[in-house]
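Okay, so here's the structure we're looking at.
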Number of protein chains: 2
Amino acid sequence: MNRQQYAYEYPHAAVATDCAVFGFDGQNIKILLVKRGIEPYKGLWALPGGFMRMNETTDECIRRELHEETSFLPSVIEQFAVFSAIDRDPRERVVSVAYYSLVRQSEVVGGDDASDARWFALGALPDLAFDHKEILAKALQTLREKIHFEPIGFDLMDRYFTIPDLQRLYEAILGVRFDRRNFMKKILQSGVISESNEGVAAPASRHAGRTPKSYTFNKDVYEAMKGNGRFKMEF
Amino acid sequence: MNRQQYAYEYPHAAVATDCAVFGFDGQNIKILLVKRGIEPYKGLWALPGGFMRMNETTDECIRRELHEETSFLPSVIEQFAVFSAIDRDPRERVVSVAYYSLVRQSEVVGGDDASDARWFALGALPDLAFDHKEILAKALQTLREKIHFEPIGFDLMDRYFTIPDLQRLYEAILGVRFDRRNFMKKILQSGVISESNEGVAAPASRHAGRTPKSYTFNKDVYEAMKGNGRFKMEF
DNA sequence: ATATTTTTGCGTATTATTAACACCAACTAT
DNA sequence: ATAGTTGGTGTTAATAATACGCAAAAATAT
């Protein structure tokens, strides 16, 4: 059987997708990486992703690859850049369509040390395959720019959360500190969250101090504020 | 000679680039289109663009194609989306990396009615080839979102311009009206422009009313404000 | 138990930014 | 000249951002 069965008049690059999956453990931003099982870069860590098939779009491709490699179907994916350096893959010319995704860490299996998918803190990244370090850096930059004028959290926080938790998320992404009381006022009067009487984290498992109230996102208000330029979280 | 000389183990999509080139004539936003000289969609208007070669990145590709089709080398291009619908090109599977660009209309030859490159007002678009109508719509949406938190104008206005001209640009892009006097204050105290004693449009060619002052962009301040989230132009 | 520490929630004074509008200046057309 | 039109400056009121003071609630220490 001929192994070179697909022929074209002009040379073609391969199209692939890669995704920077961000999670939040309540303290720090984490990134989901998978260990490569084949050459090239076998044994190194990489962003989940893979080659596009002829019967799928790039969006469908990255969702399929994420599911295959991390057993997870993300709700939010955003395409943010294309990487097309000529020698970025040693096998052949590969153009990668890059995405980022925000997920609740608890929803992704990973974590198991023996597994080939694991969360890494941004400050403790291993060496990455291909140009994935560059892709990750650009993904993080895009996320940081976006957080200024779009509410973020819905996809990273649990269904029920506290305002101090949400503040820690913003501070972790932006690398700054907010005034507790002003953050609270701002987020409350934006209307994206409202108080909930349903469960908050186990009372005993908390730190010292007063138990914070439990909140949940108003999905309608939240969605309406995406991209309309009216939400602001300065630094 | 074999016309199918490039063979691969797996099927490959072709990679192409397309660019929505925006211009401003002092009154309305215009878009630069080229008339297709070959099938498919021969004779229809399309966004400038074409297939990527093996020795160039997508950025280099779109710059080359723009130069070939419109005799213009743009200073600013931004990659904003990828279009990968399976049947978007009748010839073969094509994944298009989409860009937008902002140019001074005067710098682009086009314009000649007989030529195959022409400016069109957004309200008077012809039928477009492929999915280019969709690409253009998304480009415009991206531009409108970006204008909220990035200064825009440097690439669309002439070197010397007046504040009322700049206001008309913002109003044309956003489709809203600003208060003349507040717009002026806001743009001036942002520091992105400063007064110039050099030429403004010929005094006789103006409308009735007082002759406006001439301004020019402070390139350093302008660049610094891109993407730092500090520039705001609300509506 | 009681005091101490920690953290949350609410309020208030100060400052900065936005928004609305009155008024004068400069130019054109008649 | 006079009316009509457009550009530039200033003033004020409403709104939002910022910086804290202080008490309530819950865990920890004694």
Side-chain angles (χ1 to χ4, degrees), chain A residues 26-27 147-149 151 157 160-171 174 176-197 199-216 225 228-235, chain B residues 26-27 147-149 151 153 157 160-172 174 176-197 199-216 225 228-235:
Chain A
Q27 211 65 32
I147 204 176
H148 287 301
F149 48 89
M157 305 292 292
Y160 301 104
F161 58 89
T162 69
I163 293 183
D165 279 345
L166 187 61
Q167 180 173 347
R168 273 185 285 274
L169 171 64
Y170 272 82
E171 292 180 338
L174 287 171
V176 293
R177 309 277 299 169
F178 294 106
D179 179 276
R180 218 166 34 83
R181 297 151 287 189
N182 292 334
F183 181 88
M184 200 166 178
K185 236 180 307 182
K186 208 158 174 179
I187 208 83
L188 279 176
Q189 75 186 18
S190 79
V192 292
I193 70 175
S194 37
E195 210 172 326
S196 146
N197 31 20
V200 75
S205 75
R206 298 216 131 265
H207 310 246
R210 179 171 175 172
T211 303
K213 291 185 181 176
S214 173
Y215 289 85
T216 193
M225 281 201 154
N228 76 352
R230 294 198 170 281
F231 182 89
K232 265 182 307 176
M233 190 56 65
E234 308 273 4
F235 52 93
Chain B
Q27 212 64 33
I147 204 176
H148 287 302
F149 47 89
M157 305 292 292
Y160 300 105
F161 58 89
T162 69
I163 293 183
D165 280 344
L166 188 62
Q167 181 173 347
R168 273 185 284 276
L169 170 64
Y170 272 82
E171 291 180 340
L174 287 170
V176 294
R177 310 277 300 169
F178 294 106
D179 179 277
R180 221 166 31 82
R181 298 150 289 188
N182 291 334
F183 181 88
M184 202 164 178
K185 235 179 308 179
K186 210 159 172 178
I187 209 82
L188 278 176
Q189 73 186 19
S190 80
V192 292
I193 69 175
S194 35
E195 210 173 326
S196 145
N197 31 21
V200 74
S205 74
R206 298 214 134 265
H207 307 247
R210 179 171 176 172
T211 303
K213 292 185 181 177
S214 174
Y215 289 86
T216 193
M225 281 201 155
N228 77 350
R230 293 196 173 280
F231 183 89
K232 265 181 306 177
M233 190 56 64
E234 308 273 2
F235 51 93

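Reminder, nothing fancy here: chain letters follow the sequence lines and each chain counts from 1.
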Can you tell me if the side-chain N/O atoms of K186(B) get under 4.0 Å from OP1 or OP2 in dT17(C)?
-> no
Spacing of R180(B) atom CZ relative to dG10(D) atom C1', expressed in whole Å | 13 Å
Please give, in whole Å, the distance from dT9(D) P to Q189(B) CD?
-> 13 Å
Show your working on side-chain contact (heavy atoms from CB on, under 4.5 Å) between I147(B) and M233(B) and close with a plain yes or no.
-> CA-CA 7 Å; I147(B) 204 176; M233(B) 190 56 64; 5.8 Å; no
dG9(C) base to R210(A) side chain: any donor-acceptor pair below 3.5 Å?
-> no
From CZ (R177(B)) to CD (Q167(B)), nearest 0.5 Å = 7.0 Å
Comparing G209(A) with D179(A), nearest DNA chain C nucleotide closer to 5' gives the residue G209(A)
Check: dG10(D) base within 3.5 Å donor-acceptor of R181(B) side chain | no
Give the rounded distance in Å between these two atoms: CZ of F183(B) and C1' of dC21(C).
-> 19 Å
Rounded off to whole Å, could you give me the CZ-to-P distance for the F231(B) and dT17(C) pair?
-> 15 Å
Please step through side-chain contact (heavy atoms from CB on, under 4.5 Å) for the pair I163(B) and R180(B), ending with a clear verdict.
-> CA-CA 9 Å; I163(B) 293 183; R180(B) 221 166 31 82; over 6 Å; no
Do you know the tightest heavy-atom contact between S214(B) and Y160(B)?
-> OG-CB, 3.6 Å
L188(B) vs N182(A), nearer the 5' end of DNA chain D by closest nucleotide = L188(B)
Give, for atom CG of L166(A) and atom CZ of F178(A), the distance between the pair rounded to the nearest 0.5 Å.
-> 10.0 Å
Atom NZ of K232(A) and atom P of dT15(D) are separated, to the nearest Å, by 15 Å
Once you round it to whole Å, what is the distance between C1' of dT17(C) and CE of M184(B)?
-> 19 Å
For a quick test of your reading: what N or O donor-acceptor pairs under 3.5 Å do the side chains of residues 182-195 of chain B make, sequence neighbours left out?
unit_1	atom_1	unit_2	atom_2	d
S190(B)	OG	I187(B)	O	2.7
S190(B)	OG	V192(B)	N	3.3
S194(B)	OG	N218(B)	OD1	2.7
S194(B)	OG	N218(B)	ND2	3.3

Rounded to whole angstrom units, what separation is found between the CG atom of D165(A) and the P atom of dT7(C)?
-> 13 Å
Using five base pairs at each end, measure the axis-to-axis angle across the helix from dA1(C)-dT30(D) to dT30(C)-dA1(D) and round it to 10 degrees.
-> 10°
Please determine if a side-chain N or O atom of K213(B) lies less than 4.0 Å away from the OP1 or OP2 oxygen of dT9(D).
-> yes
Which nucleotide in the set dG11(C), dT11(D), dG4(D) lies at the smallest distance from any side-chain heavy atom of K185(A)?
-> dG11(C)
Give the rounded distance in Å between these two atoms: OH of Y215(A) and P of dT8(C).
-> 12 Å
Atom CE in M157(A), atom CG in L169(A): separation rounded to 0.5 Å?
-> 6.0 Å
Counting heavy atoms from C-beta on, name the nucleotide in dA17(D), dA26(D), dT8(C) closest to the side chain of T211(A).
-> dA26(D)
